[in-house]
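Chain naming here is simple, since letters A, B, ... match the order of the sequence lines and numbering starts at 1 in each.
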Amino acid sequence: MIDEGFQRLIAGADSIIPENELKKKLKEGRPLRVKLGIDPTAPEIHLGFVVVLRKLRQFQDLGHIAVLIVGDFTARIGDPSGRSKTRPPLTDKVIKENIKGYAKQIFKILDEKKTELRYNSEWLSKLTPSDIVKLASNITVARLLERDDFEKRYTQQHPIGLHEFLYPLFQAYDSVSVRSDIELGGTDQRWNHLLGRELQKSFGQEPQVVFLMPLLEGLDGKRKMSKSYNNYIGIEEPPREQFGKVMSIPDELILRYFHLCLNYQGEELEEVKQRLEGGENPMKLKLDLAEGIVRLYYSEEEAKKTREEFIKVFSKEETPEDIEIFEVKKGEEVWIVELLDRAGLVDSRGEARRMIKQGALEIDGEKITDFTKNISFDDEAIIRLGKKRFLKLVPR
RNA sequence: GGGGAGGUUCCCGAGUGGCCAAAGGGGACAGACUGUAAAUCUGUUGGCAAAGCCUUCGGAGGUUCGAAUCCUUCCCUCCCCA
């Protein structure tokens, strides 16, 4: 392993514990088993998770094996990491459904041939009570309570289920079961992964190297990107959505997104930085960023098209091209609130009223603020509700 | 096992008989300003063809003209003692 390659491999990592062990393992020249736990709680992969997946792919390209562990058993517990409350456990059925869509998305990034897909129920459900007791003796309550998340909950007198204490233990046992050489994950997994090392040692195995990638902040710019915070950009979302979401990230995140989502390094990244510091409108950079991201998950053409359309719709306030169509009866009088509701633009009629009152509704560019109004249509019309919601009415 | 404190709307949290669809904050949404950024200001934030009606304060009963608020019972959480 030459040094340059090593640098590339560790690029972007938040921490590698310990780095010299990683070097040593790489020198052995054998395919390493790189473990990544996936949590089947959300059926959608987002850019934050992709950061880790892409690193894993890098390992694969060097001939190593990705060991993906579906936490079907542990999902019944719910990972307490970073949580302030107990996670609702998932049912088997939901887990299975989630995994199906998951695999499809994952192999857009990973090399399926160099991937070993395992379910941790395979070994965890075989543990006997005495096995579990033995496992549990490897960790003390004091150490568990050292964890930020548990500590916080404990001092704030929030409940912690005993099963939640078991979670990190089981995850660590996964490492033992698959004999992992390296465990990859986000920085919030540090504690869990380190426990994996200890457990492997006590099972007489060579401990895994803990390889942590930074957590990508979500659209709110504060919390990590996560389905449950609803601040994510999904890799399967339509281009327009992806583009729009990228445009709405806080400016402070621009560099980070270039780095973590588009893999900009060194000079490339420096150039973006220069542009920002040189007083260029950050919006321009975000346009490039958004285009880059759409290009990555769709195509060059799609990305260009989406960019042009974005500028057209939001900068020049023109109507987007292919908007969803809703059919109405020609000439029939409809109460405007009912129309919005039937068209599915709002969650309730109350919401429709509110938005109309607040001036969020435009029909063919004309603002409508009277929510008692009835209207009828003889020709096609464009409805715009708020900034993002569009609908084309087609009278039949 | 004993003693104490709690469970309120998306979240936190006030509310101890009518003025409560429930203060305040957060979040979210909308409007102004902009660059679908931030900051700021304004408004909205259970449902309904709405000055009215219906559903909501852990669950089920009850008292009352009237209950988030009182009583009974059940479930859940936290703390202290054993």
Side-chain angles (χ1 to χ4, degrees), chain A residues 80 82-88 145 150-164 217-223 226-233 237-258 272 275-276 279-291 293-294 306-320 333-342 345-362 366-375 383-390:
Chain A
R83 292 282 147 176
S84 54
K85 54 175 70 168
T86 306
R87 271 196 179 188
L145 284 175
F150 283 144
E151 203 238 304
K152 212 169 175 181
R153 280 163 68 179
Y154 189 68
T155 53
Q156 290 181 353
Q157 312 199 337
H158 289 310
I160 302 171
L162 184 55
H163 64 290
E164 294 182 87
E217 289 81 2
L219 303 178
D220 53 30
K222 295 181 199 104
R223 296 176 296 180
S226 149
K227 175 98 178 170
S228 44
Y229 297 143
N230 197 27
N231 64 355
Y232 68 96
I233 304 174
E237 289 189 80
R240 207 182 281 168
E241 278 297 304
Q242 286 186 346
F243 203 99
K245 282 185 175 181
V246 174
M247 290 308 287
S248 75
I249 63 165
D251 289 355
E252 298 76 65
L253 255 42
I254 294 177
L255 270 182
R256 209 162 155 75
Y257 268 58
F258 268 106
V272 177
R275 285 173 65 190
L276 267 175
E280 188 167 341
N281 189 341
M283 190 257 305
K284 298 263 189 273
L285 285 150
K286 276 203 256 186
L287 285 171
D288 291 345
L289 178 66
E291 187 181 331
I293 286 171
V294 174
T306 311
R307 178 186 184 131
E308 276 161 27
E309 177 157 306
F310 179 87
I311 291 172
K312 218 173 95 182
V313 175
F314 294 104
S315 305
K316 302 188 182 150
E317 300 236 297
E318 288 171 28
T319 312
E333 284 244 320
V334 211
W335 181 36
I336 185 88
V337 167
E338 190 180 334
L339 180 72
L340 295 181
D341 180 39
R342 283 211 313 239
L345 284 177
V346 289
D347 290 332
S348 72
R349 292 179 178 197
E351 189 190 352
R353 270 165 200 278
R354 244 177 272 136
M355 293 185 85
I356 294 169
K357 262 193 276 186
Q358 293 180 134
L361 177 69
E362 270 179 23
E366 194 189 331
K367 198 165 259 191
I368 295 180
T369 47
D370 176 11
F371 65 80
T372 61
K373 199 166 182 163
N374 289 305
I375 38 172
I383 289 190
R384 179 175 190 158
L385 188 63
K387 283 194 186 84
K388 307 167 205 172
R389 289 171 251 188
F390 289 93

Side chain of A:N281: nearest nucleotide among B:C29, B:G35, B:G43? B:G35
Say we look at B:U45 and B:A22: how far apart would their P atoms be, to the nearest angstrom? 9 Å
What is the base-pairing partner of B:U16, counting Watson-Crick and G-U wobble geometry with both distances under 3.5 Å? none
How close or far is atom C1' of B:G35 from atom CZ of A:F243, stated in whole angstroms? 12 Å
Surrounding NZ of A:K312 (heavy atoms of other residues, nucleotides or ligands, distance under 6.0 Å), is the total greater than 12? yes
Starting the side chain at C-beta, find the nucleotide from B:A32, B:C79, B:U36 nearest to A:Q157. B:C79
Within this structure, what is the CD1-CG distance for the pair A:I336 and A:D370, rounded to the nearest 0.5 Å? 9.5 Å
d(NZ, A:K388; P, B:A28) in whole Å: 10 Å
Re B:A5: Watson-Crick or G-U wobble partner, both distances kept under 3.5 Å, found to be B:U77
Could you tell me how far apart A:I311 (CD1) and B:U36 (C1') are, to the nearest whole angstrom? 13 Å
Strictly by Watson-Crick or wobble contacts shorter than 3.5 Å, is anything paired with B:U45, and which nucleotide is it? B:G27
Trace of the side chain to side chain contact (heavy atoms under 4.5 Å, CB included) decision for A:R389 with A:I383: CA-CA 8 Å; A:R389 289 171 251 188; A:I383 289 190; over 6 Å; no
Whole-angstrom distance between B:G43 and B:G6, as gauged at atom P: 35 Å
To the nearest 0.5 Å, atom CD of A:E333 lies from atom CD of A:E338 at 12.0 Å
Checking B:G47, B:G31, B:U36 against the side chain of A:S348 (C-beta onward), the nearest is B:G47
Whole Å only: how far is the CG atom of A:L219 from the P atom of B:G27? 15 Å
Do A:Y154 and the base of B:C78 stack face to face, with centres under 5.5 Å apart and an angle between planes under 30°? no
Provide the distance between the two C1' atoms, one in B:G59 and one in B:G25, to the nearest whole Å. 29 Å
Which of these nucleotides, B:A30, B:U36, B:A50, is closest to any side-chain atom of A:R353? B:A50
Picking from B:G31, B:U77, B:A50, which would you name as closest to the side chain of A:A360? B:G31
Distance check, C1' atoms only: B:A82 and B:U72, in whole angstrom units. 30 Å
Assigned glycosidic conformation for B:A50 [threshold 90° from 0]: syn
A:M283 CE to A:I254 CD1 distance, which is reported to the nearest 0.5 Å: 10.5 Å
Taking CG from A:L340 and P from B:A49, how many angstroms apart are they, rounded to a whole number? 13 Å
Checking all strands, does A:K357 fall into the base, sugar-phosphate, or nothing category for heavy-atom contacts under 4.0 angstrom? nothing
From the list B:U77, B:C29, B:G35, which nucleotide is the closest neighbour of the side chain of A:R389? B:C29
Could you grab the distance from atom OH of A:Y257 to atom CG of A:L289, nearest 0.5 Å is fine? 8.5 Å
So what does A:I254 hit on the nucleic acid, given a heavy-atom distance under 4.0 Å: a base, only sugar-phosphate, or nothing? nothing
With sugar-phosphate meaning primed atoms plus P, OP1 and OP2, does A:P250 contact a base, only sugar-phosphate, or nothing at under 4.0 Å between heavy atoms? sugar-phosphate
Pairwise 5' ranking along RNA chain B for A:T372 and A:M283, keeping only the more 5' one: A:M283
Mind checking A:G244 for me? I need base, sugar-phosphate or nothing, with any heavy atom below 4.0 Å counting as a touch. base
With respect to the side chain of A:D251, which nucleotide from B:A37, B:U36, B:U44 is positioned closest? B:A37
Interatomic distance at C1', B:G3 relative to B:A67, whole Å: 29 Å
Roughly how far apart, to the nearest Å, are B:A39 and B:A28 at atom P? 10 Å
Against the six-membered ring of A:F314, is A:K388 placed for a cation-pi contact (under 6.0 Å from the centre, within 45° of the normal)? no
Nucleotide nearest A:R349 when distance is taken to its side chain, options B:A32, B:A49, B:U77: B:A49
RNA chain B nearest-nucleotide lookup for A:W335 and A:K245: closer to the 5′ end is A:K245
Considering only B:A30, B:A32, B:U36, which nucleotide approaches the side chain of A:K367 most closely? B:A32
May I have the distance from A:R223 (atom CZ) to B:G27 (atom P), rounded to whole angstrom? 10 Å
Choose from B:A49, B:U44, B:C78 the nucleotide whose nearest atom is closest to any side-chain atom of A:E338. B:A49
Please report the distance separating the C1' of B:A60 from the corresponding atom of B:A14, rounded so that it comes out in whole Å. 27 Å
Kindly compute the distance separating CG (A:L361) from CD (A:E366), expressed to the nearest 0.5 Å. 10.0 Å
Can you tell me, in whole Å, how much space there is between the C1' of B:G31 and that of B:C79? 48 Å
Looking at A:R354, does any N or O in its side chain come under 4.0 Å of the phosphate oxygens OP1/OP2 on B:G47? yes
For A:L385 and B:G31, give me the distance from atom CG to atom C1', rounded to whole Å. 12 Å
Using purine N1 to pyrimidine N3 plus N6-O4 or O6-N4 for Watson-Crick, or N1-O2 and O6-N3 for G-U wobble, both under 3.5 Å, which nucleotide pairs with B:U40? B:A32
Write down the distance between NE2 (A:H158) and P (B:A5), rounded to a whole number of angstrom. 20 Å
